[in-house]
Amino acid sequence: KTLGTGVFVDANAPTDTVATELNAAKKRLEACRRLKDRYTDYQELFEVGVAFQFAQFTTADETFEKRDLLWKLVSTFAESCQDWLSQDFADLDVNELQSETEDVFMKAHKLHKKFQGDVSKKLLDSVKAFRAHVPTIMELGNPALQPEHWDQIYKIMNIEPEQAVQMEFTLNNLIESGIMDFKKEI
């Protein structure tokens with residue numbers, strides 16, 4: 001019952017708080033599983049047949065697995081984005097970025113169909129927003145792009161060469177400098 005309320009369905013809940021709550025819920029489910037298994041053993045031992053089928057436990061276990069998967073995906077995507085945005089762009093593997101983004105998009109889409117909740121919607125919207133930038137990121141990560149090409153890109157963006165040299169060369173800085181406004185030119 002609690003897996004459908006509180007931080008588990010709050011799209012703005014901090015992922016570390018949710019992870020702590022999920023861990024506590026997992027421990028409670030494991031304790032319930034042990035009790036369920038013991039009771040099942042008693043049913044077999046006393047040859048009473050199946051007196052109780054534990055449907056609520058099965059439902060709770062399935063709900064936990066889905067919530068856990070959803071929140072792990074939220075956390076993983078947030079961590080990946082942070083890594084992609086903060087590392088030196090020259091070291092960024094744009095093919096891996098594209099592949100991971102597509103993988104998360106597919107999973108987020110499936111989970112949103114199952115949950116139709118705020119958390120899955122926020123995840124799907126975040127992935128869609130980032131995914132919209134991927135074609136441009138792929139172009140910028142093209143190994144054939146030479147320094148003179150970057151000079152042209154900076155010129156289009158109205159960034160002076162001295163300013164470009166001083167700027168930390170990260171995807172986050174490129175985005176904040178407005179590079180996505182020049183998708184067509186790139």
Side-chain angles (χ1 to χ4, degrees), residues 6-23 65-186:
V7 296
F8 301 115
V9 295
D10 181 0
N12 298 313
T15 54
D16 56 337
T17 301
V18 177
T20 300
E21 292 296 321
L22 280 169
N23 192 36
E65 291 300 322
K66 290 176 187 172
R67 290 273 179 225
D68 190 47
L69 178 65
L70 175 62
W71 278 101
K72 282 182 179 173
L73 194 58
V74 168
S75 179
T76 301
F77 184 66
E79 289 171 9
S80 292
C81 282
Q82 183 60 37
D83 288 345
W84 296 331
L85 291 168
S86 63
Q87 70 178 281
D88 189 284
F89 190 76
D91 297 332
L92 183 63
D93 183 342
V94 294
N95 293 317
E96 182 181 320
L97 177 146
Q98 179 187 34
S99 175
E100 284 185 39
T101 302
E102 283 304 310
D103 183 51
V104 172
F105 173 74
M106 297 303 286
K107 289 177 181 175
H109 193 269
K110 287 178 185 176
L111 285 170
H112 184 59
K113 280 186 170 185
K114 286 181 186 177
F115 283 109
Q116 294 292 315
D118 293 342
V119 177
S120 59
K121 180 169 178 17
K122 184 176 180 181
L123 173 63
L124 185 59
D125 290 346
S126 296
V127 176
K128 282 180 180 178
F130 188 84
R131 187 177 180 232
H133 295 313
V134 170
T136 305
I137 295 168
M138 293 295 293
E139 290 295 327
L140 293 169
N142 185 336
L145 217 58
Q146 298 297 315
E148 57 268 14
H149 298 124
W150 279 104
D151 291 341
Q152 292 172 357
I153 291 169
Y154 289 136
K155 186 176 180 180
I156 293 168
M157 295 173 59
N158 292 322
I159 296 177
E160 297 296 322
E162 302 81 32
Q163 190 182 3
V165 170
Q166 293 174 355
M167 188 170 89
E168 210 176 334
F169 193 54
T170 64
L171 181 56
N172 189 54
N173 284 344
L174 290 170
I175 291 172
E176 285 181 358
S177 298
I179 200 160
M180 295 302 166
D181 296 335
F182 303 97
K183 291 178 180 182
K184 288 184 180 180
E185 291 87 345
I186 294 171

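Any value given below was found using the heavy atoms of this structure, including those in side chains, with hydrogens, waters and symmetry copies removed.
Taking the six-membered ring for Trp and thresholds of 30 and 60 degrees, Phe130 and Trp84 have nearly parallel ring planes, at less than 30 degrees apart.
Open room surrounds CE on Met106; 12 or fewer heavy atoms of other groups in view lie less than 6.0 Å from it. Other residues, nucleotides and ligands contribute at most 12 non-hydrogen atoms within 6.0 Å of the CG atom of Asp118.
Contact check for Val104 versus Thr76: no side-chain heavy atoms found under the 4.5 Å cut-off.
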Which is it for Asp125 and Lys121 under the salt bridge (charged side-chain N to carboxylate O under 4.0 Å, His left out) test, yes or no, and what are the steps along the way? CA-CA 6 Å; Asp125 290 346; Lys121 180 169 178 17; 3.0 Å; yes

Verify side-chain contact (heavy atoms from CB on, under 4.5 Å) between Ile156 and Ile186, making sure each step is shown before the conclusion. CA-CA 9 Å; Ile156 293 168; Ile186 294 171; over 6 Å; no

Between Glu102 and Arg131, is the salt bridge (charged side-chain N to carboxylate O under 4.0 Å, His left out) condition met? List the steps. CA-CA 8 Å; Glu102 283 304 310; Arg131 187 177 180 232; 2.6 Å; yes

Pair Asn173-Phe89, side-chain contact (heavy atoms from CB on, under 4.5 Å): steps then yes or no: CA-CA 10 Å; Asn173 284 344; Phe89 190 76; over 6 Å; no

Please walk me through it: do Glu176 and Leu171 pass side-chain contact (heavy atoms from CB on, under 4.5 Å)? CA-CA 8 Å; Glu176 285 181 358; Leu171 181 56; over 6 Å; no

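A donor-acceptor pair under 3.5 Å is formed between the side chain of Lys122 and the backbone N or O of Ala11. With hydrogens and angles ignored, the 3.5 Å screen pairs a side-chain donor or acceptor of Thr20 with a backbone N or O of Asp16. Using a distance-only test at 3.5 Å, with no hydrogens or angles considered, no donor-acceptor pair links the side chain of Ser75 to the main chain of Trp71.
Here the CE atom belonging to Met138 is positioned 8.0 Å from the CG atom belonging to Leu97, to the nearest 0.5 angstrom. Glu148 contributes atom CD, which lies 13.0 Å from atom CH2 of Trp150 (distance to the nearest 0.5 angstrom).
Asp103 has a carboxylate O that lies under 4.0 Å from a charged side-chain N of Lys107, or vice versa, which qualifies the two as a salt bridge.
Considering His112, Lys114, His109 in turn, His112 is the only one that fulfils the side-chain hydrogen bond (donor to acceptor under 3.5 Å, both in side chains) rule with Ser120.
Annotation: cation-pi geometry not satisfied between Arg67 and Phe8 (NZ/CZ under 6.0 angstrom from ring centroid, within 45° of ring axis).
A pairwise comparison of heavy atoms in Ser80 and Glu100 identifies OG-OE1, 3.5 Å as the closest pair.
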